[in-house]
Amino acid sequence: MRLKLARASLIVSLLLPFYFMAAALGVKFGLWSWQTGLVTMIAQLGAPLLGLTLLLGLVATGATLFRKPRTGWRMALVGLLVPILALAYVAQVQSRSARIPPIHDISTDITDPPVFSPAVMAARTSVGANPVNAMDAPMGGLPAYQGPAFSALAAKTLGQVGHEAYPAVRPLALSADPARVAAAAEAEAKAQGWTLATSDPAGGVIEATAETFWFGFKDDVAIRIRPGASGGSVVDVRSTSRVGLSDIGANAARIEAFLAGLKVRAEAN
């Protein structure tokens, strides 16, 4: 009986990651909406599943490890380890989310941010994406940030909140001329795996769409290259999620990674 319990714990725990992968990939491949995959299957149903798997693992481990003969305790321990690791990951994500503001629109320049073209805005509208708000818009006036939960952000603008949360996200000054930087920016966008939507090197404008691996969430990226005041070029980037309230830092990380790669490309001999 104890061996069967240990085996059941192991099987359930090993099936658990496949459930979460199916929930995410189902969104990516259009089998169900992101609300179904992320909110219902993961946030609402995932927690009880993790709890039941953990409970089963604890019972199986106790039954096989602390009573002789200790048959199947290794299987029971593995069955216990999987939900523990999963819960540790969830706790880490929640901790990171609690430390950053619930925003999903980040720009290097908040006084004169890059703008999205009518074509990109139309694509966002067609899928019911998040509105693209002005960077100088007070958070308290945005519909998504109403209520006491967001009172600490109400007096600040969207741009201020982003710059305070991500101080490293700033314009990039390069010694190379705008034409060379534009070519390097397009190459780097492709290297990042983004899908180009607009490429106008002469105008210093590049737009692309980045897609996450698991859920297939799409974020729009606007890249602007201008001549520097003393020569060279200045690059600004804006990255805006189509869905969700908080990006958990994804847009800022995307901008930083892109600018770091662009700097190497543009300054290479």
Side-chain angles (χ1 to χ4, degrees), residues 1-104 127-130 144 147-150 165 193 210-219 241-254 257:
M1 178 63 183
R2 286 183 292 163
L3 183 59
K4 290 182 179 179
L5 184 62
R7 188 175 293 116
S9 173
L10 178 63
I11 293 173
V12 171
S13 68
L14 293 179
L15 287 175
L16 190 64
F18 289 98
Y19 169 80
F20 287 107
M21 286 189 288
L25 293 177
V27 176
K28 180 172 185 174
F29 294 111
L31 299 179
W32 42 74
S33 68
W34 71 269
Q35 292 93 336
T36 297
L38 181 59
V39 178
T40 303
M41 298 180 69
I42 292 182
Q44 295 178 356
L45 298 180
L49 282 174
L50 271 174
L52 289 173
T53 305
L54 179 65
L55 179 60
L56 180 59
L58 286 170
V59 172
T61 300
T64 58
L65 188 60
F66 300 111
R67 289 180 59 189
K68 296 181 180 180
R70 297 183 177 89
T71 304
W73 65 269
R74 291 181 178 84
M75 287 190 294
L77 279 179
V78 173
L80 179 60
L81 181 62
V82 172
I84 287 176
L85 292 176
L87 288 170
Y89 174 74
V90 170
Q92 187 257 343
V93 171
Q94 290 179 335
S95 175
R96 185 169 74 246
S97 179
R99 294 194 303 268
I100 59 178
I103 56 176
H104 51 263
V127 296
N130 291 326
F150 306 108
E211 183 174 325
T212 63
F213 176 79
W214 286 110
F215 288 91
F217 289 144
K218 293 183 178 180
D219 300 340
S241 301
R242 292 190 181 185
V243 301
L245 185 64
S246 175
D247 63 10
I248 319 182
N251 284 297
R254 178 180 297 114

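What you see below is based on every heavy atom in this structure, not just the backbone, and it leaves out hydrogens, waters and symmetry mates. Here the structure is a predicted model, which is why all the values come from computation and not from measurement.
Residues passing the side-chain contact (heavy atoms from CB on, under 4.5 Å) test with L52: none are found, sequence neighbours excluded. Applying the side-chain contact (heavy atoms from CB on, under 4.5 Å) rule to R74 yields no partners; only residues at least two apart in sequence or on another chain are considered. Shown here are the side-chain contact (heavy atoms from CB on, under 4.5 Å) partners of L55, two or more places apart in sequence or in another chain: V59. Residues that satisfy the side-chain contact (heavy atoms from CB on, under 4.5 Å) test with L85, not counting sequence neighbours, are L81. Under the rule for a side-chain hydrogen bond (donor to acceptor under 3.5 Å, both in side chains), S97 has no partner lying at least two apart in sequence or in another chain. Checked against side-chain hydrogen bond (donor to acceptor under 3.5 Å, both in side chains), Q94 has no partners two or more places apart in sequence or in another chain. For D219, the salt bridge (charged side-chain N to carboxylate O under 4.0 Å, His left out) test picks out R254, with sequence neighbours left out.
No option in V82, L87, L49 other than L87 meets the side chain to side chain contact (heavy atoms under 4.5 Å, CB included) test with L54.
Contact check for T64 versus T71: no side-chain heavy atoms found under the 4.5 Å cut-off.
Here the closest heavy-atom approach between residue L50 and residue A86 is recorded as CD2-CB, 3.4 Å. When all heavy atoms of F150 and P102 are compared, the pair lying nearest together is CE2-CG, 3.8 Å. Across all non-hydrogen atoms, the minimal contact from D247 to G249 is OD1-N, 2.7 Å. Across every non-hydrogen atom of S246 and P101, the tightest pair is OG-O, 4.1 Å. For the pair R96 and I248, the tightest heavy-atom approach, listed with the atom from each and the gap, is NE-CG2, 3.6 Å.
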Starting from the C-alpha separation in whole Å, work towards a yes-or-no answer on side chain to side chain contact (heavy atoms under 4.5 Å, CB included) for V39 and Q44. CA-CA 6 Å; V39 178; Q44 295 178 356; 3.7 Å; yes
Do I42 and F215 pass the side chain to side chain contact (heavy atoms under 4.5 Å, CB included) test, and can you show the C-alpha distance, the side-chain angles, and the key distance before you say yes or no? CA-CA 12 Å; I42 292 182; F215 288 91; 3.4 Å; yes
Steps toward side chain to side chain contact (heavy atoms under 4.5 Å, CB included) verdict (L5, L56): CA-CA 8 Å; L5 184 62; L56 180 59; 3.7 Å; yes
From CA spacing to verdict: side chain to side chain contact (heavy atoms under 4.5 Å, CB included), L3, M75: CA-CA 9 Å; L3 183 59; M75 287 190 294; 3.4 Å; yes
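Panel note: side chain T212, backbone F217; a donor-acceptor pair is recorded below 3.5 Å. With hydrogens and angles ignored, the 3.5 Å screen pairs a side-chain donor or acceptor of N130 with a backbone N or O of G244.
Here the straight-line distance linking atom OG1 of T40 with atom CD of Q35 works out to 8.5 Å at 0.5 Å rounding.
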Expected list for residues 12-31: side-chain donor-acceptor pairs under 3.5 angstrom, two or more places apart:
from : atom 1 : to   : atom 2 : distance (Å)
S13  : OG     : S9   : O      : 3.2
S13  : OG     : L10  : O      : 2.9
Y19  : OH     : M41  : O      : 2.7
K28  : NZ     : F213 : O      : 2.8

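Side-chain atoms of S241 and N251 include a donor-acceptor pair closer than 3.5 Å.
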